[in-house]
Protein chains: 2
Amino acid sequence: MPARASSKTSESSDKVSVICRALRRAIIEQALEPGAKLPEDALGERFGVSRTIARHALGQLAAEGLVELRRNRIAVVATPSWQEARDAFDIRIELERLVVRQLAGKLTKAQIAELNAHVDAEDRARGGTDAVSIRLATEFHILLAHMTNSPILVRYVSEVAYRCCLTLSLYSRPHSTECAINEHRALISALAKGDAAKVMELMHHHLDSVANRALVAPTPQRGRDLLDILAPYADEVASDRVVKLPKVARRS
Amino acid sequence: MPARASSKTSESSDKVSVICRALRRAIIEQALEPGAKLPEDALGERFGVSRTIARHALGQLAAEGLVELRRNRIAVVATPSWQEARDAFDIRIELERLVVRQLAGKLTKAQIAELNAHVDAEDRARGGTDAVSIRLATEFHILLAHMTNSPILVRYVSEVAYRCCLTLSLYSRPHSTECAINEHRALISALAKGDAAKVMELMHHHLDSVANRALVAPTPQRGRDLLDILAPYADEVASDRVVKLPKVARRS
DNA sequence: AGCGCTCCAATTGCATGCAGTTTGGCGGTC
DNA sequence: GACCGCCAAACTGCATGCAATTGGAGCGCT
């Protein structure tokens, strides 16, 4: 039996959805860095819609964990902590093991061709920016999820993969794409062979190594947000001996 | 090392969030059945807010998969197909295995007491309605997720657990709570013992048996929506030989 | 009856307006 | 110069209003 094929997936073509897609892409390509401000009327003006719509879009993205929404404050692109990043990868590993378990040996020739075509695209993009490589690599995984034809699985894999994207831009050292591409090819061929256990193991290792390459260590100095950097020290401030800190300008 | 303790979890106390919580609860307690209509102004009037807010709340719930939003149409409580229900349970199993893996042997005495107290509450509620039992059972799992102190994990477990609640109300035979309660107790004691593999196995079996008890079979006649029943036949319509169907009244 | 058409009430999609809150800078004081 | 309070600009929270779309009642035709 071939893997279930195609379904209606997409967000409707609301103005809200359009803005969501645009912002999502801007975020995962790091055009918008974590912490970037997202004022409602600026967005509205930029996309030619009212604040109501921009606001609604921000709400959706907040539900996906890509932006942070604080009452009466300007929304910002989410800045996951190192621990959250690690948690996201752990969840992602489990979800994607499930994906390949369902897919092993059930892909049609057309689907395998589609996967290979995508990896070819990744290959061609090697000359480009890191951001594009990361986006393509992420989209490979989302493409896989789509092939399960389980809308829920697609949604969760997409979300968590986007979040991982976000953290890569925060904590990653300069990305090395080669190995990821090779691992993608290995995944495809294992999927075609149909050994579920093997391909789950491959996926596990693939994501784990991406996570380990990326989340080098709890290195607070690479975290962009002063609040995060200072978080571990906050306890001392709360306790008896207050540590005096020199005045530091917030990254504007 | 004890499991990480407590964090800021909550939705802010927006009007939007209040309505979300109210609707979510109404849905999982089956006060609102799958397919129930949710007109924006009716909600607004009921909760004493404008349509804007009600609309926003519906958007959030749609992002969680609890309501379905079709352009220019009245929003309705989601009606997952049998397959989607099964998929949701599969995902849930993986996520909750992850939860107990992280928690095994790392719970504080206070946390174990909290869990036991919750199961006691489940026990006391056995005389009440099924809806309340189901809600409490679900909240037990969410409570566990909270103890991992991983906001992402909490979010996903909560969402998928709510979706499972929803499907239980659709496809389940009259609920038998006894065994679930016993299994919850077994989980707690295994968590306290700290054998990760054992407790993962317990959780897997627990959820799987709930799913199997609930999702009795792909019995389309119990599915509420004609469209779902006919979905498998849609392919034929698309192909060469068009199947003529007698006119049937839609469930109003 | 059964079928198709028209038209109106119900409902959504979206923009705008107003009130309340936060931010950041400016001037005053030490 | 450093600190503090005040004020205007910026921004969000929310309600309301208007145009566009939908669904279904009513009605005529076969």
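Computed from heavy atoms alone, side chains included, the values below leave out hydrogens, waters and symmetry copies. Throughout, a chain's letter reflects where its sequence line sits, starting with A, and its residues are numbered from 1.
Among residues two or more places apart in sequence or in another chain, the ring-ring contact (aromatic ring centres under 6.0 Å, His included) test is passed with B/H56 by A/H56.
Separating the CZ atom of B/R55 from the C1' atom of C/dT11 is a distance of 10 Å, rounded to the nearest angstrom. The nearest whole Å value for the distance from the CG atom in A/D14 to the C1' atom in C/dG13 is 8 Å. Here the C1' atom of nucleotide C/dG24 and the CD1 atom of A/I74 are 11 Å apart, to the nearest Å. Separating the CG atom of A/L69 from the C1' atom of D/dG13 is a distance of 12 Å, rounded to the nearest angstrom. In this structure, CD of A/Q60 is placed 12 Å from P of C/dG13, rounded to the nearest angstrom. Summarising the geometry, the separation between CG on A/N72 and C1' on C/dT22 is reported as 7 Å, rounded to the nearest angstrom. Nucleotide C/dT11 holds its P atom 14 Å from the CG atom of B/L58, rounded to whole Å. In this structure, CZ of B/R70 is placed 8 Å from P of D/dG23, rounded to the nearest angstrom.
No donor-acceptor distance shorter than 3.5 angstrom exists from the side chain of B/Q60 to the backbone of B/S17, with no hydrogens or angles considered. No donor-acceptor distance shorter than 3.5 angstrom exists from the side chain of A/H118 to the backbone of A/H141, with no hydrogens or angles considered.
Between C/dG13 and B/R71, no contact under 4.0 Å exists linking OP1 or OP2 to a side-chain N or O. Contact between the side-chain N/O atoms of B/K15 and the OP1/OP2 oxygens of D/dA15 is found at a separation under 4.0 Å. Residue A/R73 places at least one side-chain N or O closer than 4.0 Å to OP1 or OP2 of C/dT23.
Interface residues of residues 42-54 of chain B facing DNA chain C, ordered by number: B/R51; criterion, heavy-atom separation under 4.0 Å.
Residue B/P39 is the one, among A/K37 and B/P39, whose nearest nucleotide of DNA chain C lies closer to the 5' end (criterion: closest heavy atom).
For the pair A/R163 and A/E159, the salt-bridge criterion is not met [side-chain N within less than 4.0 Å of a carboxylate O].
When side chains are defined from C-beta on, B/E96 counts as touching B/V157, because their heavy atoms get closer than 4.5 Å. Between A/F140 and A/L144, the closest side-chain pair of non-hydrogen atoms falls below 4.5 Å.
With A/Y156 as the fixed residue, the side chain to side chain contact (heavy atoms under 4.5 Å, CB included) test singles out one of A/L95, A/I91, A/L98: A/L95.
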